[in-house]
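To keep things clear, I will list the structure first and then write my remarks on it.
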Amino acid sequence: MIRAAIAGASGYSGAELVRWLQGHPEVELGALAAGRQAGRSASDVFPHLGDAVTADLVGTDWDRLGAADVVFLALPHGEALGAAGRLLEAGARVIDIGADFRLQSPSAYRHWYGGEHTATDLLAEAVYGLTEWRRSAVARARLVANPGCYPTASALALKPLFEHFGDRVAGAVVIDAKSGVSGAGRNARDGYQYSELNENLKPYGSGVHRHQPEIEQELAVSGVAPRVFFSPHLVPMTRGILAACYVPMTAPPSRDELEAAYLDRHASEPFVRVLTGSALPQTKATLGSNYCDLAVRVDAERGLAVVFSALDNLVKGAAGQAVQNMNVMFDLPETTGLSAVPVFP
């Protein structure tokens with residue numbers, strides 16, 4: 001059995017980790033560290049789990065957490081910088097759901113996150129855990145940087161296009177993405193009250209969102225990062241991301257050619273579904289699951305390829321992908337503990 005522990009267990013991503021790991025047939029769920037929630041029973045913090053988890057939440061004791069085989073860090077940015085090294089020294093493997101090891105450049109981290117990266121020695125070995133594209137490296141990794149939710153949706157949508165037709169991309173890629181409110185985290189703050197979100201749709205961080213450099217980094221071909229304009233929007237729903245990615249091209253492939261590239265690339269991927277015919281991704285079709293749905297369209301007259309992507313931001317965009325990476329790290333079938341179908345309606 002894999003002994004797993006979680007730091008930051010009481011947030012939305014932490015709660016999703018508890019939900020998936022408590023039912024994982026190869027996992028023994030250990031310490032659930034939750035800071036301010038320490039001392040409360042799991043049933044109080046996670047009423048949706050009933051008595052499936054009976055342990056109390058505990059304070060953040062890195063020595064205790066380091067006794068696990070794998071530790072999931074579901075912490076605000078900056079907090080994993082000191083923790084990851086301590087856990088690795090204790091012999092644990094680490095999957096960081098936060099942002100601290102996603103950007104390979106310390107100067108980029110400083111620019112986008114407003115602080116110094118104090119664990120640069122670990123950046124060289126941290127593996128960016130987009131499972132479908134980093135499987136071999138994840139299998140060997142001690143430290144995995146779980147991608148952000150928007151970058152997961154965007155990279156899965158665009159990487160096959162860049163892989164096959166990247167030399168035809170003719171300008172800035174525009175990613176117009178919508179997310180449910182859970183992506184903002186569990187702590188209440190101004191602008192996220194029900195009365196302000198209900199029946200409201202609004203952009204935020206357009207062109208300056210921290211996920212933009214992460215997307216550009218992941219789409220880089222031969223060391224050259226593409227230009228990306230990322231424009232996220234907040235929609236009045238709890239979960240889900242829908243991304244529409246617009247790619248200007250000098251000579252777009254036909255839709256059949258582009259679709260064939262996506263079908264070929266994802267033919268053996270258990271969690272990526274390429275929709276064909278008239279079908280298009282929708283958030284409800286991935287709700288509560290580890291699936292990402294993709295579909296392509298081409299407008300040859302305007303020199304434009306369009307890729308649509310949908311996923312659950314808390315599952316494939318966070319906890320589910322983290323468990324998928326754990327399965328790869330411990331040589332388990334990738335779908336172990338993640339076979340739940342989407343919730344509908």
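For the residue pair Leu122 and Gly85, the shortest heavy atom distance occurs at CD1-N, 3.8 Å. Nearest approach of Val341 to Ser289, heavy atoms of both residues: C-CB, 4.2 Å. Between Thr60 and Gly35, the shortest heavy-atom distance links the atoms OG1-N, 4.0 Å. Taking both residues in full, the closest heavy atoms of Tyr12 and Gly185 are given as CE1-O, 3.1 Å, listed atom of the first, atom of the second, then distance. Val138 approaches Met329 most closely through the heavy-atom pair O-CG, 3.2 Å. Contact between His164 and Ala261 at its shortest, heavy atoms only, is CD2-CB, 3.8 Å.
Ion pairing between a basic and an acidic side chain is recognised when a charged N comes within 4.0 Å of a carboxylate O; Arg239 and Glu16 show such pairing. Classification of Glu218 and Arg134 as a salt-bridged pair holds, one side-chain N sitting under 4.0 Å from a carboxylate O. A salt bridge does not link Glu89 to Arg86: none of the charged nitrogens lies less than 4.0 Å from a carboxylate oxygen. The pair Lys159-Glu132 fails the salt-bridge criterion, with no side-chain N (NZ, NE, NH1 or NH2) lying under 4.0 Å from an Asp/Glu carboxylate O.
Atom CG of Leu21 sits about 6.0 Å away from atom CG of Leu29, to the nearest 0.5 Å. Note that OG of Ser105 is 10.0 Å distant from NE2 of His117, once rounded to the nearest 0.5 Å. Between the CG atom in Leu32 and the CD atom in Gln22 there is a gap of 11.0 Å [rounded to 0.5 Å]. Taken from CE in Met326 to CD1 in Ile95, the straight-line distance is 7.0 Å, to the nearest 0.5 Å. With rounding to the nearest 0.5 angstrom, the CZ atom of Phe229 is 11.5 Å from the CD atom of Glu216. Summarising the geometry, atom OG belonging to Ser13 is positioned 5.5 Å from atom CD1 belonging to Ile97; distances are rounded to the nearest 0.5 Å.
Between Arg297 and Leu280, some side-chain heavy-atom pair lies under the 4.5 Å cut-off. Two residues are said to be in side-chain contact when any heavy atoms from C-beta on lie closer than 4.5 Å; Thr283 and Ile241 fail this criterion. A heavy-atom distance below 4.5 Å is not found between the side chains of Leu143 and Leu87. With a 4.5 Å cut-off on side-chain heavy atoms, Val328 and Val144 do not count as touching. A heavy-atom distance below 4.5 Å is not found between the side chains of Leu275 and Leu294. At a threshold of 4.5 Å between non-hydrogen side-chain atoms, the residues Val306 and Val247 do not count as touching. Looking at Cys292 and Phe271, their side chains never come closer than 4.5 Å, going by heavy atoms from C-beta outward.
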task = For Ile175 and Ile215, run side-chain contact (heavy atoms from CB on, under 4.5 Å): C-alpha distance rounded to whole Å, both residues' side-chain angles, the deciding distance at 0.1 Å, then the answer.
result = CA-CA 10 Å; Ile175 301 174; Ile215 295 168; 3.8 Å; yes
message = Walk me through whether Arg135 and Glu334 qualify under salt bridge (charged side-chain N to carboxylate O under 4.0 Å, His left out).
response = CA-CA 10 Å; Arg135 190 171 278 114; Glu334 210 157 305; 2.7 Å; yes
request  = Determine, stepwise, if the pair Ser179 / Asn313 fulfils side chain to side chain donor-acceptor pair (under 3.5 Å).
outcome  = CA-CA 8 Å; Ser179 174; Asn313 56 291; 4.7 Å; no
key: Candidate pair Lys202 and His233, rule side-chain contact (heavy atoms from CB on, under 4.5 Å), full reasoning   = CA-CA 5 Å; Lys202 60 182 180 180; His233 301 70; over 6 Å; no
task = Evaluate the criterion side-chain contact (heavy atoms from CB on, under 4.5 Å) for residue pair Tyr246 and Val173; output intermediate values, then yes/no.
result = CA-CA 6 Å; Tyr246 302 93; Val173 175; over 6 Å; no
Residues Ser154, Ser309; criterion side-chain contact (heavy atoms from CB on, under 4.5 Å); working and verdict = CA-CA 7 Å; Ser154 302; Ser309 174; over 6 Å; no
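Ring geometry, His209 versus Phe230: the interplanar angle exceeds 60°, so the pair is classed perpendicular (tilted spans 30 to 60°). Ring-plane geometry between His266 and Tyr262 is classed as tilted, the angle between the planes lying from 30 to 60 degrees on a 0 to 90 degree scale.
The closest donor-acceptor contact from the side chain of Thr54 to the backbone of Asp51 lies at 3.5 Å or more, if one exists at all. A distance-only check finds a donor-acceptor pair linking the side chain of Gln212 to the backbone of Val228 [under 3.5 Å]. Side-chain N or O atoms of Arg210 include one that pairs as donor or acceptor with a backbone N or O of Trp112 at under 3.5 Å. Using a distance-only test at 3.5 Å, with no hydrogens or angles considered, no donor-acceptor pair links the side chain of Ser231 to the main chain of Ser206. Between the side chain of Asn327 and the backbone N or O of Thr336 there is at least one donor-acceptor pair closer than 3.5 Å. Side-chain atoms of Asp312 come within 3.5 Å of backbone N or O of Gly288 as a donor-acceptor pair. A side-chain donor-acceptor contact under 3.5 Å links Ser182 to the backbone of Thr238. Side-chain N or O atoms of Asn146 include none that pairs as donor or acceptor with a backbone N or O of Asp96 at under 3.5 Å. Asn200 contributes a side-chain N or O that, together with a main-chain N or O of Glu196, makes up a donor-acceptor pair within less than 3.5 Å. A donor-acceptor pair under 3.5 Å is absent between the side-chain atoms of Asp293 and the main chain of Ala310, judged by distance alone.
When hydrophobic clusters are built by joining Ile, Leu, Val, Met, Phe, Trp and Tyr residues whose side-chain heavy atoms come closer than 4.5 Å, directly or via intermediates, Tyr109 is grouped together with Val94.
The other residues sharing a hydrophobic cluster with Leu201 are Val235, Met237, where clustering joins ILVMFWY side chains under 4.5 Å apart.
Stacking of Arg93 on the aromatic ring of Phe330 is recorded, both the 6.0 Å distance cut-off and the 45° axial limit being met. Geometrically, Arg265 engages Trp133 in a cation-pi contact, judged by NZ or CZ lying under 6.0 Å from the ring centre and within 45° of the ring axis. In this structure, Arg273 satisfies the cation-pi test against Tyr291, with its NZ or CZ atom closer than 6.0 Å to the six-membered ring centre and inside 45 degrees of the ring normal.
Just one residue in the list Arg102, Gln104, Glu214, Gln217 forms a side-chain hydrogen bond (donor to acceptor under 3.5 Å, both in side chains) with Tyr128, and that residue is Glu214.
Residues meeting the side chain to side chain contact (heavy atoms under 4.5 Å, CB included) test with Asp299, sequence neighbours left out: Glu301, Arg302, Leu304. The side chain to side chain contact (heavy atoms under 4.5 Å, CB included) search around Thr152 returns Leu130, Pro147, Leu156, Leu311, Lys316, Gln321, not counting sequence neighbours.
Within a 6.0 Å radius of CZ in Arg227, no more than 12 heavy atoms belonging to other residues, nucleotides or ligands are found. For Asp331, the CG atom sits in a loose shell: 12 or fewer heavy atoms of surrounding residues, nucleotides or ligands are nearer than 6.0 Å.
Looking only at atom types and distance, the side chain of Thr131 has a donor-acceptor partner in the side chain of Asn325 under 3.5 Å away.
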